[in-house]
Number of protein chains: 2
Amino acid sequence: MANTREQLVAATKELLWERGYEATSPRAILEKSGAGQGSFYHHFSSKAALAAAALQEAADDMRCNLEPILHSNAPALQRIRDYLTMPREELRGCRIGRMTHEPIIRQDETLRDPIVAYFSYAEQELATVLAEAQREGALSENINVDDLAATLLATVQGGYVLARGFQDPERMHQAIRGALTLIDSIEQKKEV
Amino acid sequence: MANTREQLVAATKELLWERGYEATSPRAILEKSGAGQGSFYHHFSSKAALAAAALQEAADDMRCNLEPILHSNAPALQRIRDYLTMPREELRGCRIGRMTHEPIIRQDETLRDPIVAYFSYAEQELATVLAEAQREGALSENINVDDLAATLLATVQGGYVLARGFQDPERMHQAIRGALTLIDSIEQKKEV
DNA sequence: GTCTATATCGAGATAGAC
DNA sequence: GTCTATCTCGATATAGAC
């Protein structure tokens, strides 16, 4: 079947999310995907190659989730709030962010590429929307939008870390609420 | 030697920081510590037990680093800034935070305990200092200090994630700068 | 393209001598 | 308390038939 390959990738996406790279064995991938031993190494040269394909897909998925939120019709600062409050699987962690501490990604460029690509995209997009907010007069021109974009991204990533650490989704919500409060505080209200 | 145990723990602390739990093998611990096979299982019943001891020490170390910064003579909000800008090994990641995505911590309470303890301590301390800032008149009473404490902690944890993802320490600094800007923006200056 | 068999290696732990 | 020998298992990959 031509889509055995797809099933391998799909299974790997799930397992990488749940367990990370180190803890995901070819055996587990075969079981989850229903594929056989031979198929694995026919379609991919190694576990790392399969993981790279899976991570690439995961990053693409995440971009697709982000895109409509940051490009809606809402005022720019509202889109930032929408980003912060979009639904997340707090306890599963970020599919991309959770990979950053795996030893492998320091050695294997192809595995780090999707991570860099996603984070670059997200930071860039957030910064763009923040710049729009400045043009709309909702945000002071003194704010460095690149820095703030990084802060927002970090808050979300750190929110996952806290939620995982405490095994409690509320911990991420708390961090997000704090960020929302800060956004509220610096918003420049229009005269009425 | 009585301190073979200590050397096992010290080596494990390093390896956990560098590679995490899954990727740290007993073999590597033995090599790094210079201890022998027998010593390992004499002093500890399992890899998990040794890791728990090592994590506990790491968490204690981190508390010791935090304590003087958050209890200095500086004004409360300055102590918050000092926390944000304290030196960090950006590319190594957080010894505690990096563990949160390891599958094992969902099952093993003894491994999650030091994580929960450290994060609880940090959030609590940050919230206390923020409340002091409110009493000093530097911070609006409208701010929920628990939420903001979580946000700051998350920013640092997320900063590590970004720095690791990009393999670039500057990414954490960027996130921190954004947070500092937000703190500046909400600070209530005293009349002169 | 997929299957089964097989190979190599290291992980994690135990046993019993010293 | 430490050593060496040993055990079992799974991770990762290869080989060659179908």
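Bear in mind that the values here come from a model prediction, so they are computed numbers and not experimental data. Each chain gets a letter, A, B and so on, in the order the sequences are listed, and its residues count up from 1.
Tracing side-chain contacts under 4.5 Å through hydrophobic residues (I, L, V, M, F, W, Y), one never reaches B/Ile104 starting from B/Phe44; they form parts of separate clusters.
Protein atom CD1 of B/Ile29 is 14 Å distant from nucleotide atom C1' of C/dG10, rounded to whole Å. Atom CZ of A/Phe40 and atom C1' of C/dG1 are 15 Å apart (whole Å). As rounded to whole Å, 21 Å separates atom P of C/dT8 from atom NZ of A/Lys47. If you take CG of A/Leu50 and P of D/dA11, they are 15 Å apart, rounded to a whole angstrom. To the nearest angstrom, C1' of C/dG1 lies 13 Å from CD of A/Gln7. Following rounding to the nearest Å, B/Phe44 (CZ) and C/dT14 (P) show an atom-to-atom distance of 15 Å.
Electrostatic pairing of B/Arg79 and B/Asp82 does not count as a salt bridge here, judged by no charged N lying under 4.0 Å from a carboxylate O. Using a 4.0 Å cut-off between a side-chain N of Lys or Arg and a carboxylate O of Asp or Glu, B/Glu6 and B/Lys13 do not qualify as a salt bridge.
For the residue pair B/Glu102/A/His101, the side-chain donor-acceptor check at 3.5 Å is not satisfied.
Remark: A/Lys47 is not positioned above the aromatic ring of A/Phe40, lacking an NZ or CZ atom under 6.0 angstrom from the ring centre and at most 45 degrees off the axis. For the pair A/Arg88 and A/Tyr83, the cation-pi criterion (under 6.0 Å, within 45° of the ring axis) is fulfilled.
Residue B/Tyr41 places no side-chain N or O under 4.0 Å from the OP1 or OP2 atom of C/dT14. Between A/Thr4 and C/dG1 there is no side-chain N or O to OP1 or OP2 distance below 4.0 Å. Distances shown here put a side-chain N or O of B/His42 below 4.0 Å from the OP1 or OP2 atom of D/dG1.
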Enumerate all atom pairs, one protein N or O and one N or O from nucleotides 3-5 of chain C, separated by less than 3.5 Å.
residue: C/dC3; atom: OP2; partner: A/Gly36; partner atom: N; Å: 3.1

Stepwise salt bridge (charged side-chain N to carboxylate O under 4.0 Å, His left out) test for B/Glu109 and B/Arg112: CA-CA 5 Å; B/Glu109 280 288 328; B/Arg112 208 172 71 245; 3.5 Å; yes

Trace of the salt bridge (charged side-chain N to carboxylate O under 4.0 Å, His left out) decision for B/Glu14 with B/Arg92: CA-CA 10 Å; B/Glu14 284 298 309; B/Arg92 295 189 80 183; 3.2 Å; yes

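With hydrogens and angles disregarded, no donor-acceptor distance shorter than 3.5 Å links the side chain of A/Glu90 to the backbone of A/Arg171.
Within residues 14-27 of chain A, the residues having any heavy atom under 4.0 Å from DNA chain D are, by residue number, A/Thr24, A/Ser25, A/Pro26, A/Arg27.
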